[in-house]
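Below you'll find the structure, written out as C-alpha cells, and then a few comments.
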Amino acid sequence: MPQQTPAIKSIESAVQDVPGWTPLDQLYSLFMLGMSTSGLEGDILELGSWCGRSAIALGFAARLGKGTKVHCVDLFPEKSDWYENKDGSYSFKVTIGGKVFEAYHEQTVWKEPFERDIVPVYDRDPSLLKTFQKCIADQGLQDVVTPFRGDLELFSSQAPKNFRCKLAFIDGDHSYEAVCSDIARVERHLVPGGWICFDDAFSSYDGVNQAITDKIINSPRYEMAQQLTRKLFVARLIG
Ligand SMILES: C[S@@+](CC[C@H](N)C(=O)[O-])C[C@H]1O[C@@H](n2cnc3c(N)ncnc32)[C@H](O)[C@@H]1O
C-alpha cells in the first residue's frame, strides 16, 4: 500500500470530530487543487461551510501559500432559523442586517437527515458560527480562514473592488437557480487558470447537475471540466 503523505494524514485527523458532509477523498482533492494554485494571484472562496470540514482542508492548502486567505461564505443559520415545511422537510430563513435570506426552499432537507445530521450540531452549540469558529481555531487556522455571514451577493458587495479568487468551492443551496447565481457571482472574481469546484455534482441533485451542464460544461470559457471524485466536479477557467 502506498505511504500516505503527512498532509493527507493531518487532514484526516483534523476533521475526524468535525460534523459535515465532505468525504475524505474530496477533502484531499480540494487540498491538492488548492496547492496547485499557489502560483496564482488571489484567495480561496468557499460557499457553504457548515462546521468547517472543507474549510479546514482549504485552510491547510492556503497556509502553504504566501498570504493566501480562505473566505467562508455561509448564512450560518441558528437552530431557531430552521422551520418545518408542510411535507415534513426542513428549510431555513435568516435575517442579516435587516434583510431576510431563505435557503433550502426549492431543494428542502428531508426529516431523517435533518434529525440525524443537523439537530446534533445545535446540541453542541445553538450558534453554528461559533461551532465553525471553534473547529477552525482547534486547527490553528483562524488567521487563514475567515467566516463571512451572508450569501455570495452580500459578500461580493462588501469585498474590495479588486478581490480575486483562484479556487472557489460551491457547496451551498443545491437548487438550479441558486447554483447558477453562485456560478455567475464566482466568475466575477475567478482569475484565469483558477478552479471552480462543486460538491454533490452528478450524484443526486438535478439542480446542481443542470447548472454545471449549462454554465460550465457547455461554456467555452472552461477547460479540464471533469468529475474528480464521486461527487466533486471541477473545471478550470481558461487562462
Ligand atoms: C452542505 S452544507 C456545507 C458542508 C461543508 N462544505 C462541509 O464540508 O461539511 C451547506 C451550507 O450552505 C449554507 N447555505 C445554504 N444556502 C446558502 C446561501 N444561499 N448562501 C450562503 N450559504 C448557504 C448552509 O448554511 C450550510 O452550512
Side-chain angles (χ1 to χ4, degrees), residues 11-12 14-31 34 44-60 70-83 90-97 99-110 113-114 116-122 125 127-133 135-136 139 141 145 147-158 167-186 197-201 203-205 207-208 211 229 231-232:
I11 291 174
E12 193 172 340
V15 301
Q16 66 182 352
D17 293 324
V18 181
W21 292 272
T22 310
L24 281 177
D25 60 347
Q26 191 168 323
L27 295 176
Y28 303 153
S29 301
L30 288 171
F31 172 76
I44 294 174
L45 181 59
E46 171 173 85
L47 172 69
S49 304
W50 193 235
C51 299
R53 258 181 95 80
S54 42
I56 288 171
L58 295 170
F60 281 174
V70 183
H71 304 270
C72 293
V73 177
D74 199 298
L75 292 167
F76 291 111
E78 308 276 304
K79 187 175 186 185
S80 56
D81 294 324
W82 290 90
Y83 62 90
Y90 286 80
S91 306
F92 70 77
K93 207 186 263 188
V94 304
T95 305
I96 301 167
K99 187 176 169 195
V100 176
F101 297 83
E102 293 198 58
Y104 303 141
H105 197 58
E106 299 296 319
Q107 181 71 57
T108 59
V109 180
W110 289 104
F114 179 78
R116 185 193 57 219
D117 302 325
I118 294 180
V119 172
V121 165
Y122 292 106
D125 193 310
S127 164
L128 178 62
L129 180 57
K130 280 195 190 143
T131 300
F132 173 88
Q133 286 168 321
C135 292
I136 294 301
Q139 302 307 319
L141 288 170
V145 176
F148 178 90
R149 190 157 189 249
D151 64 359
L152 266 187
E153 185 180 356
L154 190 64
F155 175 83
S156 290
S157 71
Q158 293 185 9
L167 190 160
F169 176 48
I170 300 184
D171 189 15
D173 191 315
H174 287 11
S175 67
Y176 176 76
E177 290 72 21
V179 180
C180 288
S181 145
D182 293 337
I183 292 170
R185 299 253 164 229
V186 162
C197 313
F198 299 87
D199 183 48
D200 288 319
S203 50
S204 43
Y205 293 91
V208 178
T229 67
K231 61 191 187 93
L232 178 70

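Keep in mind that what you see is a predicted model, and the values were worked out from it rather than measured. Every number for a ligand or one of its atoms is a count from 1 in the order of the listing.
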Check: Ser156 side chain, Glu153 main-chain N or O, donor-acceptor pair, under 3.5 Å: no
Which atom pair, heavy atoms only, marks the closest approach of Val145 to Cys72? CG1-SG, 3.6 Å
Can we call the ring centroids of Phe92 and Tyr104 under 6.0 Å apart? yes
Residue shell around ligand 1, heavy atom under 4.0 angstrom: Gly20, Trp21, Thr22, Leu47, Gly48, Ser49, Trp50, Arg53, Ser54, Asp74, Leu75, Pro77, Phe92, Ala103, Tyr104, Gly150, Asp151, Asp171, Gly172, Asp173
Hey, does the side chain of Asp81 reach the backbone of Val94 with a donor-acceptor pair shorter than 3.5 angstrom? no
Under the rule for side-chain contact (heavy atoms from CB on, under 4.5 Å), what residues qualify as partners of Asp171, not counting sequence neighbours? Thr22, Phe169, His174, Asp199, Asp200
Using modelled atom types only, decide if a donor and an acceptor are shared between the side chain of Asp173 and the backbone of Ala103 within a distance under 3.5 Å. no
